[in-house]
Novice: 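Below are the structure tokens for one structure; questions will follow.
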Amino acid sequence: MRGLTAALLAVWVATPAWALFGDDEARRAILELRGRLEAQRQQIEAQRLLIEEQQRALQSTQQRLQELQNALEPARLGLLEQTNQTEALRRELAQLRGQQEQLAFQLAELQRQQRDALAALDERLRAQEPLKVTIEGQEFTVRPEEKSAFESAMAALRASDFRRAAELYADFLQRYPSSGYAPLAHYWRGNALYAARDYKPAIEAYQRLLDAYPRHPRAPEAMLAIASCQVELKDVKAARATWQALVQRYPDSEAAAAARERLSRLR
């Protein structure tokens, strides 16, 4: 408005006095200019009022937005707190799952150790359980370590390690003098010593079998073996006496038949 008013004054000042009201056209122009200025003033006033109304509406909207934010703030804080609690619960759950897996592994390990311990105990118990043995028509009960010791001596004899076998039989008889294997241990020890050409110790081994177990199935063979040792020692007289005693004591044995045949050779 101020700019338009200044423009009109400038036009009025610059125009000669006789030209201002010189004719009707000049007056109409002035009136028309005033009309446009008034219309512009009214338009500007309307725009100003509209701007003020919009500002009031904006302020009202801003106020309502602030109020809404203020109203939502507790809810936002509550949601944030709930989110934090949920995250904390998730971490706790993950930790509990990890602990559960660890406990499950420890339990499985303990169960495995228990099974191994029970198996080892069962094995030890079985190792201590007596075993029933039947050998050469003789049935008796022995402990597992007793059976193992006798079989070790037999293995050495089969391998032709005669001196080692004789030592193992002697050790066996010292450890298990009342064993059901004892008669056989005496007999096979005598055979091992005979094979090693230790004839006198062999005779002693066979004689122990005869003294302690005269009714054992190997007794006749032990007497025949004693006579063979005596022959090797060049004591034919003693061998003859042993063969004769064998025929008298075990007349129906195969060893007695062999003794008769050898006696017949001496005649």
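Given the structure is predicted, the values throughout are model-derived calculations rather than measurements.
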Novice: Out of curiosity, Glu204 CD to Arg189 CZ, how far, rounded to the nearest 0.5 Å?
Specialist: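 Glu204 CD to Arg189 CZ: 8.0 Å, rounded to 0.5 Å.
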
Novice: Quick check: closest heavy atoms across Val142 and Ser179, and the distance to 0.1 Å?
Specialist: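 Here Val142 and Ser179 meet closest at CG1-OG, 4.2 Å.
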
Novice: Does Arg262 reach the side chain of Leu224, with side-chain heavy atoms less than 4.5 Å apart?
Specialist: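 In contact.
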
Novice: Are any of the side-chain heavy atoms of Leu246 and Pro220 separated by less than 4.5 Å?
Specialist: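 Side-chain contact under 4.5 Å: yes.
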
Novice: Check whether any side-chain heavy atom of Leu184 sits under 4.5 Å from a side-chain heavy atom of Phe150, and report yes or no.
Specialist: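 Touching, per the 4.5 Å side-chain cut-off.
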
Novice: Tell me the closest heavy-atom pair linking Ala202 and Gly190, and the distance in Å.
Specialist: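 Minimum heavy-atom separation between Ala202 and Gly190: CB-O, 3.5 Å.
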
Novice: Restricting to non-hydrogen atoms, name the atom on Thr242 and the atom on Met223 that form the minimum distance, rounded to 0.1 Å.
Specialist: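 For Thr242 and Met223, the tightest heavy-atom pair comes out as CG2-O, 3.2 Å.
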
Novice: Considering only heavy atoms from C-beta outward, does the side chain of Arg143 approach that of Leu131 to under 4.5 Å?
Specialist: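 Not in contact.
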
Novice: Do side-chain atoms of Arg260 reach the backbone of Pro251 as a donor and acceptor pair under 3.5 angstrom?
Specialist: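 The answer is yes, because a donor-acceptor pair under 3.5 Å joins these two groups.
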
Novice: Which pair of non-hydrogen atoms, one from Ala219 and one from Leu210, has the smallest distance, and what is that distance?
Specialist: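 Ala219 and Leu210 have their closest heavy atoms at O-CD2, 3.3 Å.
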
Novice: Taking salt bridge (charged side-chain N to carboxylate O under 4.0 Å, His left out) as the test, write out the residues that go with Glu25, two or more places apart.
Specialist: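 Per chain and number, Glu25 pairs via salt bridge (charged side-chain N to carboxylate O under 4.0 Å, His left out) with no residue.
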
Novice: Is the closest basic N to carboxylate O distance between Glu151 and Lys147 below 4.0 Å?
Specialist: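 Salt bridge present between Glu151 and Lys147.
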
Novice: Between Glu52 and Arg48, is there a salt bridge with N-O shorter than 4.0 Å?
Specialist: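 Glu52 and Arg48: salt-bridged.
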
Novice: Does Glu254, at its CD atom, have more than 12 non-hydrogen atoms belonging to other residues, nucleotides or ligands within less than 6.0 Å?
Specialist: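 No - once you tally the heavy atoms of other residues, nucleotides and ligands closer than 6.0 Å, there are 12 at most.
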
Novice: With rounding to the nearest 0.5 Å, note down the distance linking CZ in Arg215 to OH in Tyr250.
Specialist: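 Spacing of CZ (Arg215) from OH (Tyr250) equals 9.0 Å.
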
Novice: Show every donor-acceptor pair shorter than 3.5 Å between a side-chain atom in residues 153-176 and any protein atom, with sequence neighbours excluded, or say none if there are none.
Specialist:
from   : atom 1 : to     : atom 2 : distance (Å)
Arg163 : NH1    : Asp198 : OD2    : 2.7
Arg163 : NH2    : Ala196 : O      : 3.4

Novice: Please check: side-chain N/O of Ser148 versus main-chain N/O of Pro144, any donor-acceptor pairing under 3.5 Å?
Specialist: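 Looks like no, no N/O pair under 3.5 Å.
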
Novice: Determine, stepwise, if the pair Gln42 / Glu38 fulfils side chain to side chain donor-acceptor pair (under 3.5 Å).
Specialist: CA-CA 6 Å; Gln42 292 177 359; Glu38 181 62 23; 3.2 Å; yes

Novice: Considering the options Arg64, Gln63, Arg56, which one meets the side-chain hydrogen bond (donor to acceptor under 3.5 Å, both in side chains) requirement together with Ser60?
Specialist: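 So, applying the side-chain hydrogen bond (donor to acceptor under 3.5 Å, both in side chains) to Ser60 and each of Arg64, Gln63, Arg56, only Arg64 qualifies.
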
Novice: Salt bridge check, Arg265 against Glu261: does any charged N sit closer than 4.0 Å to a carboxylate O?
Specialist: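 Arg265 and Glu261: salt-bridged.
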
Novice: Could you check if a side-chain atom of Leu266 sits within less than 4.5 angstrom of a side-chain atom of Val236, using non-hydrogen atoms only?
Specialist: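 Yes, their side chains come closer than 4.5 Å.
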
Novice: Within a strict 4.5 Å, meaning less than it, do heavy atoms of the Arg115 and Arg112 side chains meet?
Specialist: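 Touching, per the 4.5 Å side-chain cut-off.
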
Novice: Take the angle between the ring planes of Tyr181 and Phe140 and call it parallel below 30°, perpendicular above 60°, tilted in between.
Specialist: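 Taking Phe140 first and then Tyr181, their aromatic rings stand perpendicular (interplane angle over 60°).
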
Novice: What are the two closest heavy atoms between Pro183 and Gly180, and how far apart are they?
Specialist: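 Smallest heavy-atom distance, with atoms named: CD-O, 3.4 Å.
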
Novice: Does any pair with a residue in residues 84-105 pass side-chain hydrogen bond (donor to acceptor under 3.5 Å, both in side chains), and if so which ones, sequence neighbours excluded?
Specialist: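 For residues 84-105, and leaving out neighbouring residues, the side-chain hydrogen bond (donor to acceptor under 3.5 Å, both in side chains) pairs sorted by first residue read Glu81-Gln85.
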
Novice: If you measure from CD1 on Ile51 to CG on Leu58, what distance do you get to the nearest 0.5 Å?
Specialist: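 Atom-to-atom, Ile51:CD1 and Leu58:CG are 12.5 Å apart.
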
Novice: Any chance you could lay out the side chain to side chain contact (heavy atoms under 4.5 Å, CB included) test for Tyr213 and His186, step after step, and finish with the verdict?
Specialist: CA-CA 10 Å; Tyr213 309 98; His186 286 300; 4.2 Å; yes

Novice: Tyr194 and ring pair (Phe, Tyr, Trp, His ring centres under 6.0 Å): which single residue from Tyr199, Tyr206, Tyr187 fits?
Specialist: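 The option that passes is Tyr199.
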
Novice: Quick one: are His216 and Gln138 in side-chain contact, heavy atoms under 4.5 Å?
Specialist: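 SC-SC contact between His216 and Gln138 confirmed.
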
Novice: A side-chain contact here means heavy atoms from C-beta on lying under 4.5 Å apart; do Arg218 and Trp188 qualify?
Specialist: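 Arg218 vs Trp188: side chains touch.
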
Novice: Can you tell me how far the CD atom of Glu32 sits from the CG atom of Leu37, to the nearest 0.5 Å?
Specialist: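 Answer for the CD-CG pair, Glu32 versus Leu37, is 10.5 Å.
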
Novice: Using every non-hydrogen atom in the two residues, find where Ala239 and Val231 come nearest and quote the distance to one decimal.
Specialist: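 Here Ala239 and Val231 meet closest at CB-CG2, 3.7 Å.
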
Novice: CG of Leu33 to CZ of Arg28: how many Å apart, nearest 0.5 Å?
Specialist: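 Going from the CG atom of Leu33 to the CZ atom of Arg28 covers 14.5 Å.
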
